[in-house]
Engineer: 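Once you've had a glance at the structure underneath, I'll fire off some questions.
What you see is a predicted model, and the numbers here were worked out from it, not measured in a lab.
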Amino acid sequence: MWRDLRHFIQISRPINVTISFVAFIVACFLATRDLEFVYSLSFWGTALTIVVIAATGYWINDVYDFRIDRINNPDKAIVNAMLSTKKVLTAYFVINLLILGFSFLVIGIYGGRPQITFINFLSVLLLYVYASYLKRTGVAGNLTISFLIALVLILAYYLTHKLNMALIWSIIFAFEITLIREITKDVEDIKGDLAFKLKTLPIQIGIKATKRILIILYVVFLLSTYMPFIYYAYWKADWNIMYLILSGAIVQIPTIWILRLLIKSSNPKELGEHSGYLKYVMLTGMITLFFLT
C-alpha cells in the first residue's frame, strides 16, 4: 500500500503541481494586493481542486503514454511497471468524481462561484482529451496545455472578482512560457513519438522548422515582457522602472541566453535541456509580477 502511494506521488509530478499551486496563490495576491483570501473556504477549496486535477491529469497522461515513456524515459516509467494501468485508471476516475462533486457542492453552490466549478469540469475534460487524443495531433495539444495552465491563473479572477494588469500579464506570461516549453519537450521526445507514429510538431515539419517557430515564440515573448511597462507608462503615467530593471535582469537576459543555446543546438537532446531552463524563467517571471502596482 505504502509503495503504491509512493508511486502515485511520483507520477503526480509533485514539483509541477506545487508550481501550479504557488502560481495560483501569486495570482490571487496580484489581484487583491492583500492576503485576506487565505481565510476563505473558497480559496482553499479551489486550491485543492487545482492540486488534485493537475495530479490526476499526469496519471491519465502516463496511462496513455506508458509505451512511449519506456523509450523516452525508461528509468522513470511507473505505469504498467510499478503500478498497473487498471489501478491507476480506477484511482483516476474515483478521485476525479469526488473532486468534481466537491467542487460542485462546496465551491459552486455553498461558495457561490459556479464559474470555478465549470472551469474544473472543463479542465478534467480537456486533460483527458489531451492525454487520449490531442497530445498526438501536434500544436493543438501544445495549445491545450498552455490554455489549461493559463486557466489556473484565470481562477484567481473568478475567486477574487478583481482584475488588473499584473493578473492579466501573469496569464499571458504563463501561456507563452508553457507553449514554448511544450514544443521544446516534443523535440526532446521525438524518438519515442516517432516509434508510435505520433504527429507532434517536430515530426510533422521537422526539427529545423520547429526551431524556427521556437525562435519566433521566444522573440514574441521577449517583446511581450514590455507590455506591462508600456501600459503603466501610457495609461497611468507610472514608469515602473523597478519592473523594467528586474524583467531585463532576471527574465529577458536569461531568455536571450536560452534563445542563443536554441540557435546553436543541433540535436533533440540539446534542445530538450532548454525545457529545464524555462522553469527558471517561470520562477523569475513570477518575482517580477510583484513589482507591478
Engineer: Honestly curious: do V220 and I256 fall in one hydrophobic cluster under the side-chain, below-4.5 Å linking rule?
Structural biologist: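 No, separate clusters.
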Engineer: List the residues meeting ring-ring contact (aromatic ring centres under 6.0 Å, His included) with W257, not counting sequence neighbours, and say none if there are none.
Structural biologist: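 With neighbours one apart ignored, the set is Y277.
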Engineer: Out of curiosity, does I216 fall in the hydrophobic cluster containing I183 (side-chain heavy atoms, cut-off under 4.5 Å, transitive links)?
Structural biologist: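 Different clusters: I183 never reaches I216 through Ile, Leu, Val, Met, Phe, Trp or Tyr contacts under 4.5 Å.
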Engineer: According to salt bridge (Lys or Arg N to Asp or Glu O under 4.0 Å), does anything in residues 160-182 pair up with another residue at least two apart or in another chain? List the pairs.
Structural biologist: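 Matches after skipping sequence neighbours: E182-K185.
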Engineer: Please name all residues satisfying side-chain contact (heavy atoms from CB on, under 4.5 Å) with I213, sequence neighbours left out, ordered by chain then number.
Structural biologist: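 If we apply the side-chain contact (heavy atoms from CB on, under 4.5 Å) test to I213, skipping adjacent residues, the hits are L201, I205, L217.
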Engineer: I172, W235: one ILVMFWY side-chain cluster at the under-4.5 Å cut-off?
Structural biologist: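 Linked within one cluster.
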Engineer: According to side-chain contact (heavy atoms from CB on, under 4.5 Å), who are the partners of S42, at least two apart in sequence or on a separate chain?
Structural biologist: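 So S42 forms a side-chain contact (heavy atoms from CB on, under 4.5 Å) with S40, R113, L159.
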Engineer: Go through the structure and list residues passing side-chain contact (heavy atoms from CB on, under 4.5 Å) with L100, not counting sequence neighbours.
Structural biologist: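 Result, side-chain contact (heavy atoms from CB on, under 4.5 Å) vs L100: N120, F121, V124.
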Engineer: Start with the C-alpha distance between Y133 and Y128, add both sets of side-chain angles, then the distance that settles side chain to side chain contact (heavy atoms under 4.5 Å, CB included), and finish with yes or no.
Structural biologist: CA-CA 8 Å; Y133 174 69; Y128 184 86; over 6 Å; no
Engineer: Under the side-chain contact (heavy atoms from CB on, under 4.5 Å) test, which residues partner V51, sequence neighbours left out?
Structural biologist: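 Per chain and number, V51 pairs via side-chain contact (heavy atoms from CB on, under 4.5 Å) with V17, F21.
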Engineer: For the hydrophobic clusters of this structure (ILVMFWY residues joined by side-chain heavy atoms under 4.5 Å, transitively), does one cluster hold both I15 and V26?
Structural biologist: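 No, because I15 and V26 fall into different hydrophobic clusters, even though each may have its own neighbours under 4.5 Å.
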Engineer: Looking at every non-hydrogen atom in both residues, tell me the closest pair between I60 and L127 and how far apart they are.
Structural biologist: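 Nearest pair, atom of I60 first, then L127: CG2-O, 4.1 Å.
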Engineer: Looking at residues at least two apart in the chain, or sitting in another chain, which of them share a side-chain hydrogen bond (donor to acceptor under 3.5 Å, both in side chains) with T117?
Structural biologist: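 S103.
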Engineer: Just checking M227: does its CE atom have more than 12 heavy atoms from other residues, nucleotides or ligands closer to it than 6.0 angstrom?
Structural biologist: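 Yes, the 6.0 Å shell around CE holds more than 12 heavy atoms from other groups.
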Engineer: Using a 3.5 Å distance criterion without hydrogens, assess whether the side chain of N61 forms a donor-acceptor pair with backbone atoms of G57.
Structural biologist: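 Checking the backbone N and O of G57 against the side chain of N61, no donor-acceptor pair under 3.5 Å is found.
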Engineer: Residues two or more places apart in sequence or in another chain: which of them pass ring-ring contact (aromatic ring centres under 6.0 Å, His included) with Y218?
Structural biologist: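 Residues passing ring-ring contact (aromatic ring centres under 6.0 Å, His included) with Y218: none at all.
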Engineer: Show me the donor-acceptor pairs within less than 3.5 Å that the side chains of residues 248-255 make with the rest of the protein, sequence neighbours left out.
Structural biologist:
from, atom 1, to, atom 2, distance (Å)
Q252, OE1, Y226, OH, 3.0
Q252, NE2, T225, OG1, 3.1
Q252, NE2, S247, OG, 3.2
T255, OG1, V251, O, 2.6

Engineer: Please answer: with hydrophobic residues joined when any side-chain heavy atoms are less than 4.5 Å apart, are V52 and I25 in the same cluster?
Structural biologist: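 Hydrophobic grouping puts V52 with I25.
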Engineer: Is it true that a side-chain atom of K211 and a backbone atom of I263 form a donor plus acceptor pair closer than 3.5 Å?
Structural biologist: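 Yes, because the side chain of K211 sits within donor-acceptor range (under 3.5 Å) of the backbone of I263.
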Engineer: Return the minimal non-hydrogen interatomic distance between L153 and A23, and the atom names on each side.
Structural biologist: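 Closest pair (atom of L153, atom of A23, distance): CD2-O, 3.3 Å.
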Engineer: State which residues pass ring-ring contact (aromatic ring centres under 6.0 Å, His included) with Y130; sequence neighbours excluded, sorted by chain then number.
Structural biologist: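 Checked Y130 against ring-ring contact (aromatic ring centres under 6.0 Å, His included); zero matches.
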Engineer: Pairs in or reaching into residues 156-180: which pass ring pair (Phe, Tyr, Trp, His ring centres under 6.0 Å), with residues at least two apart or in two chains?
Structural biologist: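 Residue pairs passing ring pair (Phe, Tyr, Trp, His ring centres under 6.0 Å), neighbours aside: W169-F173, F173-F221.
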Engineer: Applying side chain to side chain contact (heavy atoms under 4.5 Å, CB included), run through I11 and R13 and close with a yes or a no.
Structural biologist: CA-CA 5 Å; I11 64 173; R13 315 295 201 280; 4.2 Å; yes
Engineer: For the residue pair A131 and R136, what are the closest heavy atoms and their distance?
Structural biologist: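 In this case the closest contact between A131 and R136 is O-NH1, 2.8 Å.
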Engineer: Under the rule for ring-ring contact (aromatic ring centres under 6.0 Å, His included), what residues qualify as partners of Y58, not counting sequence neighbours?
Structural biologist: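 Scan of Y58 (ring-ring contact (aromatic ring centres under 6.0 Å, His included), adjacent residues dropped) gives none.
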Engineer: Any Lys/Arg nitrogen of K135 or D186 sitting under 4.0 Å from an Asp/Glu carboxylate oxygen of the other?
Structural biologist: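 Judged by the 4.0 Å cut-off on N to carboxylate O distance, K135 and D186 do not form a salt bridge.
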Engineer: Before you tell me yes or no, could you show the steps for I107 and T49 under side chain to side chain contact (heavy atoms under 4.5 Å, CB included), namely the whole-Å CA-CA distance, both residues' side-chain angles and the distance that decides it to 0.1 Å?
Structural biologist: CA-CA 10 Å; I107 302 174; T49 61; 3.9 Å; yes
Engineer: Can you name the closest pair of heavy atoms from A166 and Y232 and give their distance?
Structural biologist: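 Distance-wise, the nearest heavy atoms are N-OH, 4.1 Å.
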Engineer: Of all the heavy-atom pairs spanning W44 and V38, show the shortest one and how long it is.
Structural biologist: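 Smallest heavy-atom distance, with atoms named: NE1-O, 2.6 Å.
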Engineer: Looking only at non-hydrogen atoms, find the nearest pair between L151 and S123 and report the distance.
Structural biologist: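 Residues L151 and S123, closest heavy atoms: CD1-OG, 3.9 Å.
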Engineer: Show your working on side chain to side chain contact (heavy atoms under 4.5 Å, CB included) between F37 and F29 and close with a plain yes or no.
Structural biologist: CA-CA 8 Å; F37 60 84; F29 176 79; 4.2 Å; yes
Engineer: Keeping the roles fixed (side chain from T56, backbone from W59), state whether a donor-acceptor pair exists under 3.5 Å.
Structural biologist: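 Between the backbone of W59 and the side chain of T56 there is no qualifying donor-acceptor contact (under 3.5 Å).
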